[in-house]
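Read through the structure below, which is laid out as structure tokens, and then see the notes.
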Amino acid sequence: MPELPEVQTIIDDLNKVILNKKIKKIDILLSKIVRGTNSSFIKILKNNSFQNISRRGKYIIISLANNRFLVIHLRMTGQIIYLQGNNLIAGGHSDKSNNFNLPNRQTHLILHFTDQSQLFYNDQRQFGFLEIINQKGLGRIENKLGIEPLSKGFTYSYFQDLLKDKKRNIKAFLLDQKYIAGLGNIYVDESLFLAHILPTRSLDSLNKKETKDLYLAIKQVLKLAIKYRGTTFNNYKDAHGRQGNFIKRLKVYGQENQKCMRCQKGVIKKIRVAGRGTRYCPECQK
DNA sequence: CTTCTTGTTACTGA
DNA sequence: ATCAGTAACAAGAA
């Protein structure tokens, strides 16, 4: 479940260690994980290098030479792990089975660099993908995504305009990448909790204060999660011995049947909203 | 055995 | 046009 903060953590780590290293070999272990033909994918990457790594919503965008881009989407269980020797230098979204014996059963692609370091793409459920695109492809991604919630352009008045005249369910709206890019199930639930708003509410039912609170909550939750290096980085230490642990700061996600840690009155409930498991406090979210 | 999990797209029907 | 709902993708956990 890598969302904006997890993807941001991954690219921040990778940018420090992988730029300009020459790719000497590409192993595609699961063909369908690569969009487009495998042969052109390999042809473009071979002897190429990463010039810069950025993010748009949950998409990882790696600039290559020759105006090409390697785009990676982790979907639900994708991981990127960069190893130098036996040392994990940068990585993403490790789950319980934290096993650096790579490649393993879930490894679908390996990039080998000339300095012997390796980048592994792992994906248990195989929903993620890698793709080489050009400037035009970049435009296509841009066109389907809404604003970056941590960008300067995401002002309160921009947020108000987004909501205007819509009657949608608030959670479905926040999950929709074409309005705001990067939120997923975890941070939507956390933002709504922070703003004291029930996930079942509709946009046209929000008053001015609630709208403002939600706007601030989204930014606050995302910033804090990035500070703690995301939620799903549980059991690994990176090269600097840090552990990402926003999971310990989650207020509602995964807290069902627990007493609400804010009001100490409600018990966190889990229901289904917009097709997703949704957690909230029935006492202090209205 | 069944059910649930999550990101995204595609599709149906209101 | 807007929106809700559901299936699909795949593998593993409970």
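Residue numbers begin at 1 in each chain, while the letters A, B, ... track the order of the sequences.
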- Counterpart residues, salt bridge (charged side-chain N to carboxylate O under 4.0 Å, His left out), relative to A/R56 (two or more places apart): A/E142, A/E148
- Message: Using a 4.0 Å heavy-atom cut-off, does A/F129 contact any base of the nucleic acid, only the sugar-phosphate backbone, or nothing at all?
- Response: nothing
- Pairing string of DNA chain B (Watson-Crick or G-U wobble, both atom distances under 3.5 Å; | = paired to other strand) is .||||.||||||||
- Are any of A/Q126's side-chain N or O atoms less than 4.0 Å away from OP1 or OP2 of C/dC9? no
- Query: For the rings on A/Y280 and A/F193, is their centre-to-centre separation under 6.0 Å?
  - Reply: no
- Item | Distance between P atoms of B/dT3 and C/dT6 (Å, rounded) | 15 Å
- Item | Set of side chain to side chain donor-acceptor pair (under 3.5 Å) partners for A/K164, sequence neighbours left out | A/D161
- Message: I'd like to know whether the aromatic ring centres of A/F154 and A/Y215 sit less than 6.0 Å apart in this structure.
- Response: yes
- Name the nucleic acid region contacted by A/G128, choosing base, sugar-phosphate or nothing; use a 4.0 angstrom heavy-atom cut-off, strictly under. nothing
- Item | For A/K43, all residues meeting side chain to side chain contact (heavy atoms under 4.5 Å, CB included), sequence neighbours excluded | none
- Residues at least two apart in sequence or cross-chain that pass salt bridge (charged side-chain N to carboxylate O under 4.0 Å, His left out) with A/K46, listed by chain then number, are none
- A/N122 CG to C/dA10 C1', in whole Å, measures 15 Å
Which atoms of nucleotides 1-4 of chain C (N or O only) lie under 3.5 Å from a protein N or O atom, and what are those distances?
{"from": "C/dC3", "atom 1": "OP1", "to": "A/K167", "atom 2": "N", "distance (Å)": "3.2"}
{"from": "C/dA4", "atom 1": "OP1", "to": "A/N169", "atom 2": "N", "distance (Å)": "2.9"}
{"from": "C/dA4", "atom 1": "OP2", "to": "A/R168", "atom 2": "NE", "distance (Å)": "3.2"}

- Which letters describe nucleotides 7-14 of chain B, given B = protein heavy atom under 4.0 Å from base, S = only from sugar-phosphate, - = neither? BBS-----
- Qualifying residues under side chain to side chain contact (heavy atoms under 4.5 Å, CB included), relative to A/Q8, sequence neighbours excluded: A/I11, A/D12, A/R55, A/I226
List, one per line, each side-chain donor-acceptor pair under 3.5 Å for residues 129-136 of chain A, sequence neighbours excluded.
{"from": "A/N134", "atom 1": "OD1", "to": "A/K136", "atom 2": "N", "distance (Å)": "3.0"}
{"from": "A/N134", "atom 1": "OD1", "to": "A/G137", "atom 2": "N", "distance (Å)": "3.0"}
{"from": "A/Q135", "atom 1": "NE2", "to": "A/N67", "atom 2": "OD1", "distance (Å)": "3.1"}

- Base, sugar-phosphate alone, or nothing: which one does A/K270 contact when heavy atoms must sit under 4.0 Å apart? sugar-phosphate
- Would you please name every residue forming a salt bridge (charged side-chain N to carboxylate O under 4.0 Å, His left out) with A/R276, sequence neighbours left out? none
- Is any side-chain N or O of A/K32 closer than 4.0 Å to OP1 or OP2 of C/dC9? no
- Item | Set of salt bridge (charged side-chain N to carboxylate O under 4.0 Å, His left out) partners for A/D115, sequence neighbours left out | A/K21
- Go through the structure and list residues passing side chain to side chain donor-acceptor pair (under 3.5 Å) with A/K25, not counting sequence neighbours. A/D27
- Task: Quickly work out the A/N104 CG to C/dG12 P distance and round it to whole Å.
- Result: 11 Å
